[in-house]
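Let me begin by presenting the structure, written as structure tokens, before commenting on it.
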Amino acid sequence: GENVEQHPSTLSVQEGDSAVIKCTYSDSASNYFPWYKQELGKRPQLIIDIRSNVGEKKDQRIAVTLNKTAKHFSLHITETQPEDSAVYFCAASDQAGTALIFGKGTTLSVSS
Amino acid sequence: SQTIHQWPATLVQPVGSPLSLECTVEGTSNPNLYWYRQAAGRGLQLLFYSVGIGQISSEVPQNLSASRPQDRQFILSSKKLLLSDSGFYLCAWEGKGYSQPQHFGDGTRLSIL
């Protein structure tokens, strides 16, 4: 079945710097890759997603890139702010398309 | 618009007691429904998912069970809780169709004593 690896597990940056989180997946049939942000004690919230027919997607300071050949996708956050501090999860759809397989999460800390 | 409700928000239960967590979705029909567990500081573990009434798929064998008695209702149960069942339980829904995102409820924080 699908397996998703996420790196790094923790990431500390200074306010204004960029942050990059990377994920790899194992199932070449996966076609949907969302990213979630989870603040402490809260529910995960979808921040951006990408489908396999697209190589890059941007939404203001957030962008996601997908390399289907290498089976990896990345989240890029530019001009980081303290409120970006949270745990970020990547996910990939399973072969049947009925479930998401999540990475283990990256704890991002943005210091001012 | 669609909304998802989970209750209770927090729950403290003794070992060996039963459990029932409920999740309901409004504003959509025939959603895919999911139960996840998240241990403190850890990732999301998929427990069960359902693509329709009475259809439950289990991802992890354990002492938990799930039921979907109505289209937009998903229930997580246990007859006898273990200490290892402590965690943050999240329900999520997803619309039918190609590459739909999952949307999470606010979760239930379960502590077993």
Side-chain angles (χ1 to χ4, degrees), chain A residues 1-10 21 23 25 27 29-54 57 59 64 66 68 73 86-109, chain B residues 1-10 21 23 25 30-52 55-60 66 68 74 87-111:
Chain A
E2 176 66 278
N3 183 49
V4 177
E5 300 282 341
Q6 183 172 346
H7 298 281
S9 57
T10 60
I21 302 170
C23 289
Y25 60 99
D27 189 348
S30 292
N31 56 24
Y32 177 61
F33 307 92
W35 285 89
Y36 288 84
K37 174 184 180 182
Q38 186 179 28
E39 297 177 356
L40 191 63
K42 302 268 183 84
R43 60 179 166 170
Q45 293 196 298
L46 179 73
I47 55 172
I48 196 167
D49 57 9
I50 192 167
R51 292 170 173 79
S52 58
N53 58 345
V54 175
K57 184 177 178 180
D59 182 3
V64 57
L66 171 65
K68 287 171 54 181
F73 57 112
V87 180
Y88 291 81
F89 293 97
C90 65
S93 57
D94 71 350
Q95 193 171 40
T98 54
L100 290 176
I101 309 302
F102 284 83
K104 294 188 186 304
T106 296
T107 301
L108 173 64
S109 299
Chain B
S1 64
Q2 302 89 357
T3 55
I4 179 168
H5 302 281
Q6 263 189 264
W7 66 92
T10 59
L21 301 181
C23 171
V25 182
N30 196 27
N32 292 335
L33 296 172
Y34 304 83
W35 278 112
Y36 291 88
R37 177 170 58 203
Q38 187 175 32
R42 305 291 290 275
L44 296 160
Q45 180 188 34
L46 178 63
L47 302 175
F48 301 95
Y49 69 90
S50 171
V51 299
Q55 301 177 62
I56 308 295
S57 296
S58 174
E59 292 295 306
V60 182
R68 184 170 177 175
F74 205 22
F88 190 43
Y89 287 81
L90 289 155
C91 180
W93 75 271
E94 173 191 276
K96 290 288 195 293
Y98 175 74
S99 299
Q100 297 294 314
Q102 290 185 16
H103 305 277
F104 289 85
D106 287 331
T108 295
R109 191 160 304 280
L110 175 64
S111 300

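Chain identifiers are assigned alphabetically (A, B, ...) following the order of the sequence lines, protein sequences preceding nucleic acid strands; residue numbering begins at 1 within each chain. Every heavy atom of this structure was used, including side-chain atoms; hydrogens, water molecules and symmetry mates were not.
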Response to the item:
When the 4.5 angstrom heavy-atom criterion is applied to A/L100 and chain B, the contacting part is both
Practice prompt. Please look at A/Q38 and chain B and tell me whether the side chain, the backbone, both or neither of the residue comes under 4.5 angstrom of a heavy atom of that chain.
Written response: side chain
Worksheet item: Excluding sequence neighbours, so at least two apart, what forms side chain to side chain contact (heavy atoms under 4.5 Å, CB included) with B/L47?
Response: B/W35, B/R37, B/Q45, B/Q62, B/L64, B/L76, B/Y89
Discussion item. The criterion is salt bridge (Lys or Arg N to Asp or Glu O under 4.0 Å); which residues satisfy it with A/E5, sequence neighbours excluded?
Written reply: none
Practice prompt. Kindly check if the number of other-residue, nucleotide or ligand heavy atoms within 6.0 Å of NZ (A/K68) is above 12?
Written response: no
Fill in: Which of B/G107, B/P101, B/G43, B/S57 touches chain A most, by non-hydrogen pairs under 4.5 Å
B/P101
Worksheet item: Just wondering, do A/D49 and A/K57 contact through their side chains at under 4.5 Å, heavy atoms?
Response: yes
Item to complete: Start with the C-alpha gap between A/I21 and A/Q6, add the side-chain angles, then the distance that decides, and say whether side-chain contact (heavy atoms from CB on, under 4.5 Å) holds.
Response: CA-CA 7 Å; A/I21 302 170; A/Q6 183 172 346; 3.7 Å; yes
Discussion item. If we define contacts as heavy-atom pairs under 4.5 Å, which of B/R42, B/Q38, B/K96, B/H103 has the most with chain A?
Written reply: B/Q38
Worksheet, complete the sentence: Turns out that what part of A/P34 lies under 4.5 Å from chain B's heavy atoms comes down to neither
Worksheet item: Would a line drawn from the ring center of B/F74 to the ring center of B/W93 be shorter than 6.0 Å?
Response: no
Discussion item. For B/F104, which atoms come within 4.5 Å of any heavy atom of chain A: side chain, backbone, both, or neither?
Written reply: both
Worksheet item: A/Y36 versus chain B, heavy atoms under 4.5 Å apart: side chain, backbone, both or neither?
Response: side chain
